[in-house]
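Chain identifiers are assigned alphabetically (A, B, ...) following the order of the sequence lines, protein sequences preceding nucleic acid strands; residue numbering begins at 1 within each chain.
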Protein chains: 2
Amino acid sequence: MGKCEQCIIKEFNSLKTLTNDELVRISNCKTSRIVKKGEIIFEEGDILKGIYCVREGICKLTKLSSNGKDQIIKLVVKGELIGQRSLVSDESVNLSAIALNDMELCFLPKSEIINDLQKNTNFTFDLLKEMAHDLKEADDIIVNMAQKSVRQRLAETLIYINDSFGTKSDGTLSVLLSREDFANIIGTATESTIRVLSQFKKEDLITTIGKQIKIIDLEGLKRVE
Amino acid sequence: MGKCEQCIIKEFNSLKTLTNDELVRISNCKTSRIVKKGEIIFEEGDILKGIYCVREGICKLTKLSSNGKDQIIKLVVKGELIGQRSLVSDESVNLSAIALNDMELCFLPKSEIINDLQKNTNFTFDLLKEMAHDLKEADDIIVNMAQKSVRQRLAETLIYINDSFGTKSDGTLSVLLSREDFANIIGTATESTIRVLSQFKKEDLITTIGKQIKIIDLEGLKRVE
DNA sequence: TTTAAAATATGACATATATCATGTTTTGTT
DNA sequence: AACAAAACATGATATATGTCATATTTTAAA
């Protein structure tokens, strides 16, 4: 099993602030986990005893609404941590994490990390920064949900995925989501999502190859109202 | 001017984790500010050079949507801090803060507090806890916005205000908001808010005395679909 | 390769909510 | 107290989105 202190992935998250000694200690307690596409990493209500570091793959964080529909709150990719909240709270998690493709995760037990939280202010401070950033993003999502049309939200989601996660060599979005996933991100019915995608195709803003989506007029998408 | 180390308000926020010495030092640099109802405390885009501690009154944190409508993200009451994000980031604030009634605020300069962030892990850890909590709440709001009807969101907002901020002696909600404010919380048109409030009245879930609202069937409101 | 299941697509229709118009009440100001 | 301005209220109508039905295509499995 790889060693945290040599792992390049940590550079993308708060673990980069830990000292070599701290990383060696954590590395000795970590466990690796392979998760297949569609598998549940953890579920709303579970008690997390540590955090996950995503070494490979993508997952969605979802929350079940009282009407029975899932809402996707965030997409998490290679390099990011999941479950940071477990470090500061013993409550159960409020979100589920589900793999969108095959993933490789490292599980770092809270019991080991909690020491560093207490001693290494850099680490705590970096976690704080990341949470502050997440909070800012959450504010934006709230405004979008509350004030924008399905058409606008879908356009912005496509732009977001394009800008944040990039495209494959053929130009299609590298994060492959089902139409239902898109619907669960923007908070609408799957049929509405499909309909708006069809509109976007007719307006030559995107093309589709099967379920793959390729943005052909990014500026046009930005102008969608 | 009062002294932080003797101020009871700090017990309600992260400042409670600071030592007496730290509080004395901050107290010497703080400034007090009286803000009238409707006044702007800070605006989206401003650079905050510290945090505010709310000693008296209530304010709303709002964000302007690209369609020109304001969205209320959070209500902040006596005891809470505003602008914590300025402590971990030099970016401009992403929200505006506007007083909902006459307020008394203490401004604590970042330059003084930043020391404590670096030295006192308890303080950083407590901030982290509060942000984690805010993030959890933001997740709930996102799901509500995305998945629930205006009727449900208004009912939940009334319940939230009732449970979090309480009522006056006559039973009306102690936080007095305009119909437009309600509309900006739940992300709908003011007319729709007024209409749904009228429905709630007809269904004997609430009564109104002018713009004041009194919940008369809390359980009924919880059952709204 | 064949077949079943899942995902995508589209039409028809129902419904919630926005918008515009207009009137009434409340609030604040001189 | 009188007045103007703001907030509240309600009707009529338009529009966006949800829901249900039903094809079609794609994917996964036997």
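Using a 4.0 Å heavy-atom distance criterion, Ser149(A) is classed as a sugar-phosphate-only contact.
As a whole-Å value, the separation of Ile186(A) CD1 from dT17(D) P is 9 Å. Between Glu180(B) atom CD and dA7(D) atom C1' the separation is 9 Å, expressed in whole Å.
Using a 4.0 Å cut-off, some side-chain N or O of Lys69(B) falls inside it from OP1 or OP2 of dT19(C). Of the side-chain N and O atoms in Thr190(B), none sit less than 4.0 angstrom from OP1 or OP2 of dC8(D).
Between the side chain of Arg153(A) and the main chain of Lys148(A), a donor-acceptor pair closer than 3.5 Å is present.
The aromatic rings of Phe165(B) and Tyr160(B) stand perpendicular to each other, their planes meeting at an angle above 60°, with 30° marking the opposite boundary.
One donor-acceptor pair, N or O on each side, does fall under 3.5 Å between the base of dT19(C) and the side chain of Arg195(B).
If one axis is set at each end of the helix from dT1(C)-dA30(D) to dT30(C)-dA1(D) from five pairs, those axes are 50° apart, to 10°.
For the pair Lys36(B) and Asp102(B), the minimum side-chain heavy-atom distance is below 4.5 Å. Contact check for Ile142(A) versus Lys63(B): no side-chain heavy atoms found under the 4.5 Å cut-off.
Between Glu56(B) and Lys78(B) there is a salt bridge, with a side-chain nitrogen of the basic residue lying less than 4.0 Å from a carboxylate oxygen of the acidic one.
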